[in-house]
Amino acid sequence: MQKYRTHTCGELRGKDVNSEIRLSGWIHRKRNLGGVLFVTLRDNYGITQVIAEPGTMAFKELDGIRVESVVTIDGIVRSRGDNINRDMPTGEIEVEAKAVILQSMADILPFQVADDDNSPETTRLAYRFLDLRREKLHHNILRRSQIIASIRRRMIEMGFQEFQTPILTSSSPEGARDYLVPSRLYPGKFYALPQAPQQFKQLLMVSGFDRYFQIAPCFRDEDARADRSPGEFYQLDVEMSFATQEDVFAAMENLMHGLFTEFSNWKVNKPPFPRIPFEDAMLKYGCDKPDLRLAAEIADVSDIFAASDFNAFKSIVENGGVVRALTVPNVADKSRKFLKDVEDFAKEAGAKGLASLIFADGEIRGSLAKPLSDATKAELKNRLGSKTGHGIFIIADNKDVASVILGKVRLHLADLLDLREKDSYRFCWIVDFPMFEKDEETGQTQFSHNPFSMPQGGMEALLTKDPLSIKAFQYDIVCNGVELSSGAIRNHRPDIMYKAFEIAGYDSSVVDEKFGGMIKAFKFGAPPHGGIAPGVDRMVMLLANEPNIREVIAFPMNQNAQDLLMQAPSEVTEKQLKELHLKIVRE
RNA sequence: GGAUCGGUAGUUCAGUCGGUUUAGAACGCCAGCCUGUCACGUUGGAGGCCGCGGGUUCGAGUCCCGUCCGAUCCGCCA
């Protein structure tokens, strides 16, 4: 007989009755009825009930072993007769224990594995191996593995090839803070961990590899969020030669639709996903990652107020401001306090106020009900398509803040009124990001996103147009209000690259110095190319419907970038420091 | 770096307006009883510097100040 097991704990069925078998696993629960002892044994594959008859050695031994200990049990498969448990896949049978070997005794647990008891995350992280035994987390991590396997299969089927790129590389001048690794051989010099394999994948395109992908680890020394792991995370890094923006979209739409359909029962919107220009997104949703499960859109109603006799808003429009409005259902029956709370929320978000117009049955309420004429109210109702039961929320302010605040109000109301479409993944593309923006403090024109993006209109646009009006071939893919990724058609032309950097205030020598490897490569025949890099952790989060990214990572760090299990970061020896030419300065 | 919320038994929580002798409950732990459980049931027991420091008060788990820790958000994340 095999040393540890003849079957897994999820395997035995009615057909196995009377077989002599051996199982190994963790003791999940114990139920001692005095005369008879039931033990459930768990492994990666499932749970099987074991029964120990009174007076046997097996009874005595199992009774003395704590839950979560690891045991090997020899026994005979028995039918459960009338006591079948329909909730368990193995519920038809149980194993009558004949011999028990204790492989590893468990201490008293810091939290229960068999129950989900909301233990504090600090404890769960310090005992991550126990937390990972628990059903939900164990399932999430297995699911992550299957999702990544499916991604690989789908990418390869589409003709992409997987590559590895260096982990020890050089510090990049833009973007996030780097993790640095001191060099032993070169005193005072450092490697950096890659924030993304951006330049390497572009170099692979210059090398003629055509279609690249990698499940790539990325390292950024920035503070954490619920959906952002500190330190490191994984991207599905993708790059394509001789590809237009639409080619990249088609490949990603095929992947995302297939993947999300495979791993979820929720609805997934069919390709092509909506393409929303950045400016439209900012106007209609007040942000560049709209949650499209929510139908409500923000509309500009400046013209209506400019023509009205409501002077408070009219004068704001006359002074260059805007009036933006949002109509939302299910608010007519809400209390005065509800409206006050929503207004307080808007004020907290930076609004000077939040006007409202509520279309209740037979009457119009809200702060604008009195001051506005019937004609203006009707026009607003018509413009926004409001129906009875709807409420219109209005902000008058300058162009940059009105929609942004209303966008926050939009999401807040969605939470309060439960307005999002259920069980649905709604993907969209945000396109036409501006190439440049003005730095508010210095007035300097700078890159608004990726400096490697190709400006729309190419060199001609850079030479002839107002830089702030130039769009880039830069895009984001968004799902349910979560930004999965940015991507771009790259700037593969050295002349256009130098010009773009010049507009952003950088001399050509800066380009040569900072991006030397890549610019050199572009001077020896570079294909037009572009790509994208969706966050793997965030895709798994969406598919597992988890609000916190740590629930889909086996060994995450806490918010303060510490690994509570492995005790990282940690001090190192004097010898190590000396070899690396480092001295610690205590402040 | 800033803001908000939180910190009471191993764990999850309750603890009223500052006032009841010994700060409670559930789960877990330890010891009994119990032969068909499915989160078994049942009896008993152990387990607490109420995060830490200071203050107000006749009296502080409760109020105030400071501090530490955690979560969430802002900054940051090309």
Side-chain angles (χ1 to χ4, degrees), chain A residues 28-40 47-56 59 63-64 66-68 78-88 90-91 94 96 106-127 130-131 135 172-178 194-196 198-199 218-233 235 348-350 408 433 435-437 446-453 472 474 476 483 486-488 490 500-501 504 514-515 533 535 538 547-550 558-562 564:
Chain A
H28 187 64
R29 287 185 201 281
K30 281 165 66 179
R31 292 182 284 273
N32 187 347
L33 275 62
V36 61
L37 171 66
F38 294 101
V39 163
T40 44
I47 296 181
T48 300
Q49 176 163 288
V50 174
I51 179 170
E53 294 287 354
T56 61
F59 184 105
D63 193 40
R66 228 179 257 124
V67 290
E68 293 306 315
R78 301 294 190 203
S79 167
R80 287 220 213 167
D82 295 337
N83 297 311
I84 286 178
N85 185 340
R86 307 249 170 236
D87 297 331
M88 287 172 82
T90 61
E94 61 196 0
E96 186 186 332
D107 245 323
I108 293 169
L109 302 168
F111 51 78
Q112 297 308 299
V113 170
D115 299 304
D116 201 347
D117 65 353
N118 292 324
S119 321
E121 202 171 15
T122 309
T123 315
R124 292 176 50 207
L125 289 170
Y127 294 89
L130 287 180
D131 202 16
E135 190 179 4
S172 60
E174 304 246 348
R177 211 174 283 118
D178 282 314
Q195 294 182 23
Q198 181 67 34
Q199 294 191 56
C218 303
F219 305 90
R220 293 177 193 175
D221 188 1
E222 295 294 349
D223 291 338
R225 287 290 180 277
D227 64 351
R228 201 168 79 205
S229 198
E232 54 184 84
F233 61 96
Q235 286 182 339
E348 199 133 308
K408 288 177 181 164
F433 279 87
M435 183 81 193
F436 300 101
E437 65 188 14
Q446 60 184 16
F447 289 113
S448 58
H449 289 86
N450 189 327
F452 306 132
S453 301
Q474 163 96 35
D476 281 2
E483 183 196 320
S486 280
R490 318 298 173 189
F501 272 85
K514 298 294 188 187
F515 308 107
R538 285 194 184 168
N548 190 308
I549 202 162
R550 292 185 292 273
N558 69 4
Q559 189 176 237
N560 299 322
Q562 297 165 307
L564 297 178

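These values consider heavy atoms only, across backbone and side chains, with no hydrogens, waters or symmetry-generated copies. Here the structure is a predicted model, which is why all the values come from computation and not from measurement.
Comparing B/rC30, B/rA71, B/rC73 against the side chain of A/A226 picks out B/rC73 as the nearest. Checking B/rU35, B/rC29, B/rC74 against the side-chain heavy atoms of A/R225 singles out B/rC74 as nearest. Among the nucleotides B/rG36, B/rC76, B/rG28, the one closest to the side chain of A/Q112 is B/rG28. For A/H449, taking side-chain heavy atoms from C-beta onward, the closest of the listed nucleotides B/rA78, B/rC29, B/rC34 is B/rA78. Distance from the side chain of A/D115 is smallest for B/rC27 among the nucleotides B/rG75, B/rG36, B/rC27.
In this model, the phosphate group of B/rU37 is not approached by any side-chain N or O of A/R31 to a distance below 4.0 Å at OP1 or OP2. Regarding contacts with the backbone of B/rC73, every side-chain N or O of A/Q559 stays at 4.0 angstrom or more from both OP1 and OP2. Between B/rG70 and A/N560, a contact under 4.0 Å exists linking OP1 or OP2 to a side-chain N or O. Side-chain N/O atoms of A/N548 include one lying less than 4.0 angstrom from OP1 or OP2 on B/rU72. Within the structure, every side-chain polar atom (N or O) of A/R86 is placed at least 4.0 Å from both OP1 and OP2 of B/rC38. The phosphate of B/rC38 has neither OP1 nor OP2 within less than 4.0 Å of any side-chain N or O from A/Q49. For B/rG10, neither phosphate oxygen OP1 nor OP2 lies less than 4.0 angstrom from any side-chain nitrogen or oxygen of A/R124. Phosphate proximity of B/rC30 to A/R66: present, with a side-chain N or O under 4.0 Å from OP1 or OP2.
Annotation: A/K514, atom NZ; neighbour count of heavy atoms from other residues, nucleotides and ligands within 6.0 Å does not exceed 12. The 12-atom threshold is not exceeded at OH of A/Y127, counting heavy atoms of other residues, nucleotides or ligands nearer than 6.0 Å.
Rounded to whole Å, atom C1' of B/rC77 lies 5 Å from atom CD of A/E222. With rounding to whole Å, A/F111 atom CZ is found 23 Å from B/rA26 atom P. In this structure, A/I51 places its CD1 atom 8 Å from C1' of B/rU35, rounding to the nearest Å. Taking atom CG of A/N32 as the reference point, atom P of B/rU35 lies 10 Å away to the nearest angstrom. Distance CZ (A/F59) to C1' (B/rG36): 13 Å, rounded to an integer number of Å. Rounded to an integer number of Å, the gap from CD of A/E94 to C1' of B/rU35 is 12 Å. When rounded to the nearest whole Å, the span between CG of A/L125 and C1' of B/rA71 equals 12 Å. The distance from atom CD1 of A/I549 to atom P of B/rC77 is 18 Å, rounded to the nearest whole Å.
Of the P atoms belonging to B/rU21 and B/rU16, the separation is 14 Å, rounded to the nearest Å. A gap of 28 Å separates the P atoms of B/rG10 and B/rC5, to the nearest Å. Comparing B/rG6 with B/rU62, their P atoms sit 14 Å apart, to the nearest whole Å. Nucleotides B/rC17 and B/rU12 have their P atoms positioned 25 Å apart, rounded to a whole Å. Nucleotides B/rA39 and B/rC27 place their P atoms 15 Å apart, quoted to the nearest Å. Of the C1' atoms belonging to B/rC63 and B/rG59, the separation is 13 Å, rounded to the nearest Å. Of the C1' atoms belonging to B/rU22 and B/rG47, the separation is 15 Å, rounded to the nearest Å. When the P atom is compared between B/rA46 and B/rA26, the two are found 15 Å apart, to the nearest whole Å.
Of the two residues contacting RNA chain B, namely A/R29 and A/L564, the nearest-nucleotide position lying further toward the 5' end is that of A/R29. Both A/T40 and A/G175 lie close to RNA chain B; mapped to their nearest nucleotides by heavy-atom distance, the more 5′-ward contact belongs to A/T40.
Using a 5.5 Å limit on the distance between ring centres and a 30° limit on the angle between planes, the aromatic ring of A/F38 counts as stacked on the six-membered base ring of B/rU37.
Among the heavy atoms of the strands lying under 4.0 Å from A/N558 are primed sugar atoms or P, OP1, OP2 only; no base atom is included. The residue A/P110 sits close only to the backbone: its heavy atoms come under 4.0 Å of sugar-phosphate atoms, none of a base. Using a 4.0 Å heavy-atom criterion, one finds that A/E121 contacts the sugar-phosphate atoms exclusively. Here A/I108 lies in heavy-atom contact (under 4.0 Å) with sugar-phosphate atoms only.
Note that the CG atom of A/D227 and the CZ atom of A/R550 stand 10.5 Å from one another [nearest 0.5 Å]. Atom CZ of A/R80 is separated from atom CE of A/M88 by 5.5 Å, given to the nearest 0.5 angstrom.
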Please tabulate, one pair per line, each protein N/O and nucleotide N/O from nucleotides 1-8 of chain B that are separated by under 3.5 Å, including the distance.
none

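In terms of heavy-atom proximity, A/P54 sits nearest to A/V36 at CD-CA, 4.5 Å. Of all heavy-atom pairs between A/A504 and A/Q446, the closest is CB-CA, 4.2 Å. Smallest separation of non-hydrogen atoms from A/L125 and A/N558: CD1-CB, 3.8 Å. Scanning all heavy atoms of the two residues, the minimum distance from A/A106 to A/R66 falls at O-NH1, 2.9 Å.
In this model, no side-chain donor or acceptor of A/Q562 finds a partner on the base of B/rG70 within 3.5 Å. Not a single donor-acceptor contact under 3.5 angstrom links the side-chain atoms of A/R220 to the base of B/rC77.
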Go through the steps to decide whether A/R177 and A/D223 satisfy the test salt bridge (charged side-chain N to carboxylate O under 4.0 Å, His left out), and finish with yes or no. CA-CA 10 Å; A/R177 211 174 283 118; A/D223 291 338; 5.4 Å; no

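A/F515 and A/F452 have perpendicular rings, their planes meeting at more than 60° on a 0 to 90° scale where under 30° would count as parallel. Under the 30°/60° scheme for interplanar angles, the aromatic rings of A/H449 and A/F433 are found to stand perpendicular.
For the pair A/K30 (side chain) and A/V67 (backbone), a donor-acceptor distance under 3.5 Å is absent.
Taking the side chain as every heavy atom from C-beta outward, A/L109 and A/E68 approach each other to under 4.5 Å.
Where pairing requires Watson-Crick or G-U contacts shorter than 3.5 Å, the helical stems of RNA chain B with at least three consecutive pairs are B:1-7 with B:68-74, B:10-13 with B:24-27, B:29-33 with B:41-45, B:51-55 with B:63-67.
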